[in-house]
Undergrad: 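Sending over a structure as structure tokens; questions will come in a sec.
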Amino acid sequence: MINYIALLLLLVSSSKGQVKNFAEEDFETLKAKIKAESEDSLKLQIAYLSLNKAKYRFDTLHMADAYYFLAKLNSSNQLAYADSIINITKNKKYIRHPASSYLLKGNVDYELGNYKSALDFYLEASKYAKENGNESLFWVTKFNIGLLKNNIDEKEEAQTIFINYSKFLEQNKKEYKSSKNYSKVLFAIADSFIQSKQLDSAGKYIDIGIKQTLKNNDLSSYSNFVGTSGVHHFFLEKYYIAIDSLKKGKRLIQKYQKVKTRIATCDYYIARSYASTGEIEKSIVHFKKVDSILMQTKDVIPQLMDTYDYLIDYYKSKKNHEKQIECIRKQIKLDSIGNKDRVYLGKNIYKKFDTYELISEKNILTKQLEKHKFLDQTKIVILIIVFITLLFLFFYSIRRNYIHKRRFQDLFNQYQNKNFLSIDQVVVVPKKVNIDISDQVVTQILEQLHNFESSNRFSKEQYTLNSLAKELNTNSAYLSKIINAYKNVNFSTYINDLRIDFTVDQLIKNKSLRCFTIEAIAEEVGFKNRQSFSAAFYKKKGVYPSSFIKSLQNEK
């Protein structure tokens, strides 16, 4: 709401209450002539004519006055006109100039969101207004600085400015205090206190404002205070009182002001109140009204913009992708609106969605909507794929069980035929390759290996090539070559194979061993962990130890 107070007070006449000299009368005369025309083109002609006359007379004050009205009438060139005023009046002591031009430039930057630059211009305007004795313009500028500070969350400083301005008006009733200006200042104070959640202070100024506006029969301003009273009650969590005040304020605003953004503000807090009481459908009715007004006015009001968040969440809960997309498009559309609207979007919407994210979400929802049209076909395809996958897994499981059962039966039959362990027989075969070791040494080492295999020591100790070679009174090079040549494996696999054969033998003979965990069995036969044991078992026997044990337990 504060932004709209700003628009009403940005360029308040700076000459009220002053003793008018000839120049001031000329300014007022020019102002009256321009105001009397209904066509913008005629207004501009009057201002240009005044400028040309002033240039002809080398009259800088009247040139500045003409530039001032041209700036107000031609927004596309207002900064250039403002600069012209500053250039010709900067070293003058005119009561209105160049303070009015710095104020104008500050207002432009304020609306563009260039707050730092706006503040600098406002400070310049304030300085010149003070130096040149224009108290009214000085306080209007200060008020705008307060609006700026309020907008960037420096609310304490803003409130100090607003309160001091109200005191200035109270102390200068005859010269400056119009009922409307004073009401607007009170409204700014109340609104700022509401925003900063200083609800007691806000209530105090709302009460003063209501009394002031009723006393002066200022029903237009009174409607604002009634609506703001509803907002105040909303933050006090007195939702039904808030709804009552907001509806009353809305009716008064519709009658005396017809300001759509103020109406939208009432609808917004009515919607929020209903949402807080759990009456979601009622809240959505009023959020839709806010949306309708925003789309008409194209104004981006900070406290109203999350209307679309509520609507998006609502339509998301209803799985209405079309409406979700529509609301996101509206947010994007408002983002494209320039100047003061972009200020708000930079501070608020981008905290939740930047433009890229909004467009991305819109695209995602659009794709979901397109996919929804082919949902039946997609479901059929998915069901077919799932069926084929399950069928494959079923046959794969049957085949895997068959293979495991066959491998188990082979192992079990080997044991029954007393041909289970290869370590029970030792056959010395001719060397496959020349390993440069004498036959006598080969035979001796093979016999020692046979004794080693028969002793089952491999299951009790952790052997390395060097430690076994030392135990067999040979060297590691000889031992490695003989194992590779006659056992057809490397040393590590040789030890693991012995342990796996030993494990199978023990599991068949010893039923109690089958009750052990895989981890315990692995440790019992010399492996360091379950993983290495299971991998070695599967590599050697083609089944996992857990499957082998299960098959043994099922064997009658």
Undergrad: Can you check whether Arg530's main-chain N or O pairs, donor with acceptor, with Glu519's side chain at less than 3.5 Å?
TA: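 Answer holds: no.
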Undergrad: Are the side chain of Thr228 and the backbone of Phe225 linked by a donor-acceptor contact shorter than 3.5 Å?
TA: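 No, Thr228 side chain to Phe225 backbone: no donor-acceptor pair under 3.5 Å.
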Undergrad: With a 4.5 Å limit on heavy-atom distance, are the side chains of Phe452 and Leu498 in contact?
TA: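 Phe452 reaches Leu498 side chain to side chain.
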Undergrad: What distance do Lys105 atom NZ and Glu124 atom CD have between them, rounded to the nearest 0.5 Å?
TA: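 Lys105 NZ to Glu124 CD: 11.0 Å, rounded to 0.5 Å.
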Undergrad: Counting only heavy atoms not in Lys481 (residues, nucleotides, ligands), do more than 12 fall under 6.0 Å from its NZ?
TA: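 Enclosed: over 12 neighbouring heavy atoms sit under 6.0 Å from NZ of Lys481.
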Undergrad: What do the steps show when you test Tyr269 against Phe235 for side chain to side chain contact (heavy atoms under 4.5 Å, CB included), and what is the final call?
TA: CA-CA 10 Å; Tyr269 282 105; Phe235 285 108; 4.0 Å; yes
Undergrad: With sequence neighbours left out, what residues match Thr517 under side-chain hydrogen bond (donor to acceptor under 3.5 Å, both in side chains)?
TA: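 In terms of side-chain hydrogen bond (donor to acceptor under 3.5 Å, both in side chains), with neighbours along the sequence ignored, Thr517 is linked to no residue.
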Undergrad: Are Phe527 and Ile500 packed together at the side-chain level, in the sense that at least one heavy-atom pair is separated by less than 4.5 angstrom?
TA: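 Answer yes - side chains close enough.
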Undergrad: Consider only side-chain N and O atoms of Thr474 and Gln444, and report whether a donor and an acceptor are under 3.5 Å apart.
TA: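 Thr474 vs Gln444: no donor-acceptor pair found between side chains.
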Undergrad: Could you tell me whether the side chains of Thr493 and Asn490 share a donor-acceptor contact shorter than 3.5 Å?
TA: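 On atom types as modelled, these side chains qualify, holding a pair under 3.5 Å.
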Undergrad: Check whether Tyr463 forms a cation-pi arrangement with Arg499 (NZ or CZ under 6.0 Å from the six-membered ring centre, at most 45° off the ring normal).
TA: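 No, Arg499 does not lie over the aromatic ring of Tyr463.
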Undergrad: Between Arg457 and Glu471, is the closest basic N to carboxylate O distance under 4.0 Å?
TA: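 A salt bridge is present here (some side-chain N lies under 4.0 Å from a carboxylate O).
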Undergrad: Show the nearest heavy-atom pair for residues Ile445 and Ile482, with the distance to one decimal.
TA: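 Result for this residue pair: CD1-CD1, 3.3 Å.
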Undergrad: Does any N or O in the side chain of Ser192 come within less than 3.5 Å of the main-chain N or O of Ile189, such that one atom is a donor and the other an acceptor?
TA: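 Not confirmed, Ser192 side chain does not pair with Ile189 backbone.
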Undergrad: Determine the sole option in His286, Arg272, Lys288 for which the side-chain hydrogen bond (donor to acceptor under 3.5 Å, both in side chains) test with Asp267 is passed.
TA: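 With Asp267 as partner, side-chain hydrogen bond (donor to acceptor under 3.5 Å, both in side chains) holds for just one option, His286.
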Undergrad: Would you kindly check if the NZ (Lys) or CZ (Arg) of Lys330 is within the cone defined by 45 degrees around the ring axis of Tyr308 and under 6.0 Å from the six-membered ring centre?
TA: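 No, a cation-pi geometry is absent between Lys330 and Tyr308.
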Undergrad: Could you verify whether a donor N or O on one side chain and an acceptor N or O on the other, from Ser454 and Asn451, lie under 3.5 Å apart?
TA: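 Side-chain D/A pair, Ser454 to Asn451: absent.
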Undergrad: Would you confirm whether Lys149, through its side chain, and Lys155, through its main-chain N or O, come within 3.5 Å as a donor-acceptor pair?
TA: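 Side chain of Lys149 to backbone of Lys155: no pair is present.
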Undergrad: Going by atom types only, do Gln324 and Tyr314 share a side-chain donor-acceptor pair under 3.5 Å?
TA: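 The criterion, which ignores hydrogens and geometry beyond distance, is not satisfied for Tyr314 and Gln324.
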Undergrad: Less than 4.5 Å apart, any side-chain heavy atom of Phe491 and any of Ser480?
TA: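 No, side chains not in contact.
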Undergrad: Is the shortest heavy-atom distance from the side chain of Ile521 to the side chain of Leu507 under 4.5 Å?
TA: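 Answer yes - side chains close enough.
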Undergrad: Look only at the side chain of Ser547 and the backbone of Tyr544, and say whether a donor-acceptor pair between them is shorter than 3.5 Å.
TA: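 Side chain of Ser547 to backbone of Tyr544, a donor-acceptor pair under 3.5 Å: no, none is there.
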Undergrad: Between the side chains of Ser276 and Ser273, is a donor N or O closer than 3.5 angstrom to an acceptor N or O?
TA: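 No, because no side-chain N or O of Ser276 sits under 3.5 Å from a partner of the opposite role on Ser273.
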Undergrad: Please determine if Glu326 and Lys323 form a salt bridge, counting it only when a charged side-chain N lies under 4.0 Å from a carboxylate O.
TA: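 Counted as a salt bridge, because a side-chain N and a carboxylate O are separated by less than 4.0 Å.
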Undergrad: Mind checking the CG-CG spacing from Asn144 to Leu148? Nearest 0.5 Å is all I need.
TA: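 If I round to the nearest 0.5 Å, the distance is 9.0 Å.
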Undergrad: Between Arg514 and Ile508, which heavy-atom pair has the shortest distance, and what is it?
TA: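 Looking at all heavy atoms of both residues, the closest pair is NH2-O, 3.2 Å.
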Undergrad: Testing the basics here: between Ala118 and Gly106, what is the closest heavy-atom pair and its distance to 0.1 Å?
TA: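 Answer, listing the atom of Ala118 first, then Gly106: CB-O, 3.4 Å.
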Undergrad: Using a 3.5 Å distance criterion without hydrogens, assess whether the side chain of Asn164 forms a donor-acceptor pair with backbone atoms of Thr160.
TA: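 Pair found, side chain donor or acceptor close to backbone of Thr160.
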Undergrad: When you compare the side chain of Asp109 with that of Leu119, does any pair of heavy atoms fall below 4.5 Å?
TA: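 Leu119 does not reach Asp109 side chain to side chain.
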Undergrad: When you look at CD of Glu154, are more than 12 heavy atoms from neighbouring residues, nucleotides or ligands closer to it than 6.0 Å?
TA: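 Yes, CD of Glu154 has more than 12 neighbouring heavy atoms, counting only those of other groups under 6.0 Å.
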Undergrad: With a 4.5 Å limit on heavy-atom distance, are the side chains of Thr265 and Leu246 in contact?
TA: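 No, side chains not in contact.
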Undergrad: Using 30° and 60° as the class limits, which term best fits the ring planes of Phe548 and Phe537: parallel, tilted or perpendicular?
TA: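 If you compare the ring of Phe548 with that of Phe537, the planes turn out tilted.
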Undergrad: Please assess Asp291 against Tyr310 for the test side chain to side chain contact (heavy atoms under 4.5 Å, CB included), listing each intermediate value before the final yes or no.
TA: CA-CA 11 Å; Asp291 163 48; Tyr310 284 98; over 6 Å; no
Undergrad: Please give me the minimum heavy-atom distance between Leu304 and Ala264, naming the atom from each residue.
TA: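 What the structure gives for the nearest pair is CD1-CB, 3.8 Å.
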Undergrad: Has Lys319 got more than 12 heavy atoms of other residues, nucleotides or ligands less than 6.0 Å from its NZ?
TA: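 At most 12 heavy atoms, drawn from other residues, nucleotides or ligands, come within 6.0 Å of this atom.
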Undergrad: Within the side chain of Asn475, is there an N or O that forms a donor-acceptor pair under 3.5 Å with the backbone of Tyr478?
TA: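 Such a contact is found between Asn475 side chain and Tyr478 backbone.
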Undergrad: Counting distance only, does the side-chain N/O of Ser534 pair as donor-acceptor with the main-chain N or O of Gln531 below 3.5 Å?
TA: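 Between the backbone of Gln531 and the side chain of Ser534 there is no qualifying donor-acceptor contact (under 3.5 Å).
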Undergrad: Which heavy atom of Cys327 sits nearest to which heavy atom of Ile312, and what is that distance?
TA: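 Smallest interatomic distance, heavy atoms only, reads CB-CG1, 3.6 Å.
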Undergrad: Is any side-chain heavy atom of Val441 less than 4.5 Å from a side-chain heavy atom of Ser438?
TA: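 The answer is yes; the side chains approach within 4.5 Å.
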Undergrad: Using the rule given for side chain to side chain contact (heavy atoms under 4.5 Å, CB included), can you reason through Leu123 versus Ile145, listing the C-alpha separation, both sets of side-chain angles and the distance that settles it, and then say yes or no?
TA: CA-CA 8 Å; Leu123 291 174; Ile145 292 173; 4.1 Å; yes
Undergrad: Looking at SG of Cys266 and CZ of Arg262, how far apart are the two atoms once the value is rounded to the nearest 0.5 Å?
TA: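 Interatomic distance, Cys266 SG to Arg262 CZ, rounded to 0.5 Å: 9.5 Å.
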Undergrad: Around Gln440, counting heavy atoms of other residues, nucleotides and ligands shown, do more than 12 lie under 6.0 Å from its CD?
TA: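 For Gln440, atom CD is not crowded (no more than 12 foreign heavy atoms under 6.0 Å).
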Undergrad: In terms of side-chain geometry, is the basic nitrogen of Asp501 or Lys541 positioned less than 4.0 Å from the acidic oxygen of its partner?
TA: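 Salt bridge: yes.
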Undergrad: Verify the distance criterion only: is there a donor paired with an acceptor across the side chains of His450 and Glu453 at less than 3.5 Å?
TA: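 Short answer, no.
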Undergrad: Counting distance only, does the side-chain N/O of Glu157 pair as donor-acceptor with the main-chain N or O of Gly146 below 3.5 Å?
TA: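 Such a contact is absent between Glu157 side chain and Gly146 backbone.
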Undergrad: Just verifying a value: how many Å separate Ile243 CD1 and Phe234 CZ, rounded to the nearest 0.5 Å?
TA: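 That separation rounds to 10.0 Å.
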Undergrad: Could you tell me whether the side chains of Tyr494 and Asn484 share a donor-acceptor contact shorter than 3.5 Å?
TA: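 There is no such pair between these side chains.
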Undergrad: Using only heavy-atom distances, determine whether the side chains of Asp191 and Tyr205 contain a donor-acceptor pair under 3.5 Å.
TA: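 No, no side-chain donor-acceptor pair sits under 3.5 Å.
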Undergrad: Per the side chain to side chain donor-acceptor pair (under 3.5 Å) rule, what does the pair list look like for residues 237-247, sequence neighbours excluded?
TA: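 Of all non-adjacent pairs touching residues 237-247, those that pass side chain to side chain donor-acceptor pair (under 3.5 Å) are Tyr240-Glu279, Lys247-Tyr274.
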Undergrad: Is it the case that more than 12 heavy atoms not belonging to Glu523 sit under 6.0 Å from its CD atom?
TA: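 No, CD of Glu523 has 12 or fewer neighbouring heavy atoms, counting only those of other groups under 6.0 Å.
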Undergrad: Would you say the side-chain atoms of His232 pair up with the backbone N or O of Leu199, donor to acceptor, closer than 3.5 Å?
TA: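 Flag set: sc His232 to bb Leu199 pair under 3.5 Å.
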Undergrad: CG/Asn150 to OG/Ser196 distance, rounded to the nearest 0.5 angstrom?
TA: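 Asn150 atom CG to Ser196 atom OG measures 8.0 Å (nearest 0.5 Å).
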Undergrad: For residues Asn510 and Ser512, is any side-chain donor paired with an opposing acceptor at under 3.5 Å?
TA: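 The criterion, which ignores hydrogens and geometry beyond distance, is satisfied for Ser512 and Asn510.
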Undergrad: Please determine whether side chain to side chain contact (heavy atoms under 4.5 Å, CB included) holds for the pair Leu147 and Phe143, giving the CA-CA distance in whole Å, both sets of side-chain angles, and the decisive distance to 0.1 Å.
TA: CA-CA 6 Å; Leu147 294 175; Phe143 181 73; 3.7 Å; yes
Undergrad: First locate atom CG of Leu468, then atom CD1 of Ile495, and finally report the distance between them rounded to the nearest 0.5 Å.
TA: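 So the gap between those two atoms works out to 6.0 Å.
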Undergrad: Salt bridge or not between Asp200 and Lys204? Use side-chain N to carboxylate O under 4.0 Å.
TA: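 Salt bridge absent between Asp200 and Lys204.
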Undergrad: Under the side-chain hydrogen bond (donor to acceptor under 3.5 Å, both in side chains) test, which residues partner Ser459, sequence neighbours left out?
TA: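 side-chain hydrogen bond (donor to acceptor under 3.5 Å, both in side chains) list for Ser459, sorted by chain: empty.
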